[in-house]
Amino acid sequence: MTQETILKGLVLSFTGSPFDGTPEEAVVLHEAVALSAGKIAATGAADSLTATYPQASVTDHGEKLILAGFVDAHVHYPQTAMIASWGKRLIDWLNLYTFPEEMKFGSPDYAMDIATRYLDITAAHGTTTMCSFCTIHPESVDAFFLAAKARGQRVVAGKTCMDRNAPDGLRDTARSAYDQSKALLEKWHGTDRISYAITPRFSPTSTPEQLEAMGALWAEHPDCLMQTHLSEQTDEIDWVRSLFPDARDYLDTYEAHGLLGAYGLYGHAIHLEPRERDRLREHGAALIHCPTSNTFIGSGLFDMAGLMAEGQRIGLATDTGGGSSFSMLRTMAAAYEVGQLRGAALHPAQLLWLATVGSARSLRMEDRIGNLTPGMEADLIVLDLASTPAIAQRHEEASQFWEAVFPTIMKGDDRAIAEVWIGGRKVAHQMMG
Ligand code: GUN
Ligand code: ZN
């Protein structure tokens, strides 16, 4: 017989998008959530859930906030060991720090070490699903999926394809990128909680032939996500223009090769032309906002308010290790700060939505993860809203709910993550770093 679990506390569910209408009205708070067989069985009044599930184990989390685990929609797990590398902008940062580290992932042992370390660190920060770039090595994909499978985690990842403008040892070809991606996709996609994403790194490191091959693979597997980078830095955009003189704009380098679609994920998307915005919206493609990366590498300020207002699909992400933090709390804080610099203060309900439902929507997984409603997979976290003395004193003074939550968004870290549940099972503390 299945053993049910009931968690009591401030259980937060979204009933709609806090970007449509009044943000507070998109949220309901329940007294408890019941988990059964890896799914959310019910939310509601504590008495009613304990009456429905009399055999359940019950834990009372008091004033702690219980919500869906964070969904990080764009990361590079292989960059775990070189996060926070000093002093460079995108192209130099890739050449000096990123590519030498990624070179190491031909070793299955090294790849497994870093995949394990990465999943430990992110679990400690309350992230239960992520969409990751790997390296050009198929071994890096196998290691990540094996490590995620052992934890029962819902993850998305793919082999990063590059056939030019990358060092020796870190280039494939149009043909080998297609063949290896296809083999990995057929091996992993849809097994356990694993999804494969077709992953051309970005236009500067792929020849038109490789982009064409990736587009062909995507056409053969339209239920797969496709992830890449778009318009992150102005120098990068100039470079794309010189590499693709016939393209109308950066997005066109993807569009012309079958790499624009509803299941497309475009990381950064900061310096967009009106045509690019129109095409992304028409396709329902997802733009992934990576605010700590955008400030850390000096890329620019994402237009959250404008892009949301025009109806774009938007997710939130750390972009580890161009991003300077593994924490989605820190990432929400950075999104708030970027919003302020653009003159639009994001409401805490909007920030939490972006880190859960918003990212799940961008991954086309909002029917499975990102929210605490019956039938969803039981990936959730318990957030301590008074996790440090500085946050606690601010929390104590709060006169309403959102004022009690916002200091943890702005100042919280892994100390705020009291518990993590993945697929209905509590993550052991040693896995939480
Ligand atoms: N553009 C192409 N590759 C990368 C990467 O690894 N990180 C970031 N931030 N941008 C990229
Ligand atoms: Zn990236």
Side-chain angles (χ1 to χ4, degrees), residues 72-105 114 118 130-137 140 144 156-167 170-172 177 197-206 210-211 214 225-240 243 250-251 253-254 259 264-271 286-302 315-326 331 334 338 359 362-363:
D72 190 342
H74 178 121
V75 313
H76 300 253
Y77 97 81
Q79 296 172 14
T80 295
M82 44 67 72
I83 194 168
S85 292
W86 184 84
K88 298 294 172 200
R89 292 168 64 89
L90 179 61
I91 307 304
D92 293 338
W93 174 87
L94 283 171
N95 286 317
L96 185 67
Y97 297 121
T98 312
F99 291 157
E101 178 61 20
E102 292 194 5
M103 206 87 82
K104 301 178 187 170
F105 284 72
I114 298 294
Y118 172 79
M130 67 286 297
C131 182
S132 186
F133 287 65
C134 300
T135 66
I136 68 150
H137 312 95
S140 72
F144 185 71
V156 186
K159 170 192 139 74
T160 295
C161 299
M162 299 196 272
D163 68 343
R164 65 168 162 175
N165 294 319
L170 217 50
R171 289 190 308 273
D172 48 19
I198 294 163
T199 308
R201 181 175 214 120
F202 68 156
S203 292
T205 49
S206 288
Q210 183 168 78
L211 294 175
M214 295 289 100
L225 293 161
M226 189 288 301
Q227 60 178 345
T228 190
H229 296 85
L230 176 66
S231 293
E232 180 177 2
Q233 292 209 340
T234 50
D235 292 0
E236 170 208 13
I237 297 168
D238 293 342
W239 192 21
V240 169
L243 290 169
Y250 194 156
L251 184 68
T253 64
Y254 298 128
L259 292 171
L265 303 162
Y266 302 85
H268 305 289
I270 300 169
H271 310 281
L287 315 186
I288 311 300
H289 180 31
C290 308
T292 72
S293 171
N294 300 161
T295 53
F296 182 72
I297 316 187
S299 302
L301 304 175
F302 184 82
L316 187 67
T318 59
D319 189 30
T320 298
S324 54
S325 173
F326 295 98
T331 302
V338 169
S359 282
S362 72
L363 301 181

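In what follows, residues are counted from 1 in the order of the sequence shown. Order of appearance sets the numbers: ligands from 1, and atoms from 1 within every ligand.
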### 4.0 Å heavy-atom contact, F133 with ligand 1
no
### Query
What orientation do F144 and Y118 show, parallel under 30°, tilted 30 to 60°, or perpendicular over 60°?
tilted
### Task
State which residue, out of V240, L259, L230, L243, fulfils the side chain to side chain contact (heavy atoms under 4.5 Å, CB included) condition with T253.
V240
### Task
Measure up the H268 and H229 rings against each other and bin them: parallel (under 30°), tilted (30 to 60°), perpendicular (over 60°).
parallel
### Task
To the nearest 10 degrees, calculate the angle at the Zn ion (ligand 2) involving OD1 of D319 and NE2 of H74.
90°
### Query
What angle, to the nearest 10°, do the atoms NE2 (H229) and NE2 (H76) form about the Zn ion (ligand 2)?
100°
### Query
Aromatic rings F302 and H289: how do their planes relate, parallel, tilted or perpendicular, breaks at 30° and 60°?
parallel
### Message
Quick check on contacts: which atoms of ligand 1 are under 4.0 angstrom from a heavy atom of L94?
### Response
3 (N), 4 (C), 5 (C), 6 (O)
### Query
Is the shortest N/O to N/O distance between Q79 and ligand 1 below 3.5 Å?
yes
### Query
Ignoring hydrogens and geometry, is there a side-chain-to-backbone donor-acceptor pair from Y97 to W86 under 3.5 Å?
yes
#### Entry: Spacing of OG1 belonging to T98 relative to CE belonging to M82, to within rounding of 0.5 Å
3.5 Å
#### Entry: Nearest neighbour in protein (non-hydrogen) for atom 3 (N) of ligand 1
R201 NE, 2.8 Å
#### Entry: H268 near the Zn ion (ligand 2): N/O/S under 2.8 Å
no
### Message
Counting non-hydrogen protein atoms only, what is the nearest one to atom 10 (N) of ligand 1? Give residue, atom name and distance.
### Response
E232 OE1, 2.7 Å
### Query
If we only count heavy atoms from C-beta on, is the H271 to Y250 side-chain gap below 4.5 Å?
no
### Query
Atom OG of S206 and atom CE of M162: how far apart are they, to the nearest 0.5 Å?
8.5 Å
### Query
Near the Zn ion (ligand 2), is there an N/O/S atom from C290 that is less than 2.8 Å away?
no
### Query
Going by the order shown, which atoms of ligand 1 are within less than 4.0 Å of some heavy atom of D319?
8 (C), 9 (N)
### I288: which of D72, L265, L363, D319 passes side chain to side chain contact (heavy atoms under 4.5 Å, CB included)
L265
### Query
Got a donor-acceptor contact below 3.5 angstrom from the T199 side chain to the A197 backbone?
yes
### Query
Backbone or side chain, does any N or O of T98 fall under 3.5 Å from an N or O of ligand 1?
no
### Query
Please state which protein non-hydrogen atom is closest to atom 7 (N) of ligand 1 and give its distance, to 0.1 Å?
W93 CZ3, 3.5 Å
### Residue part near ligand 1, for H268, under 4.0 Å between non-hydrogen atoms
side chain
### Summary
ligand 1 atoms nearer than 4.0 angstrom to some heavy atom of F202 are 1 (N), 2 (C)
### Task
Show which atoms of ligand 1 fall inside a sub-4.0 Å distance from at least one heavy-atom site of H76.
5 (C), 6 (O), 7 (N)
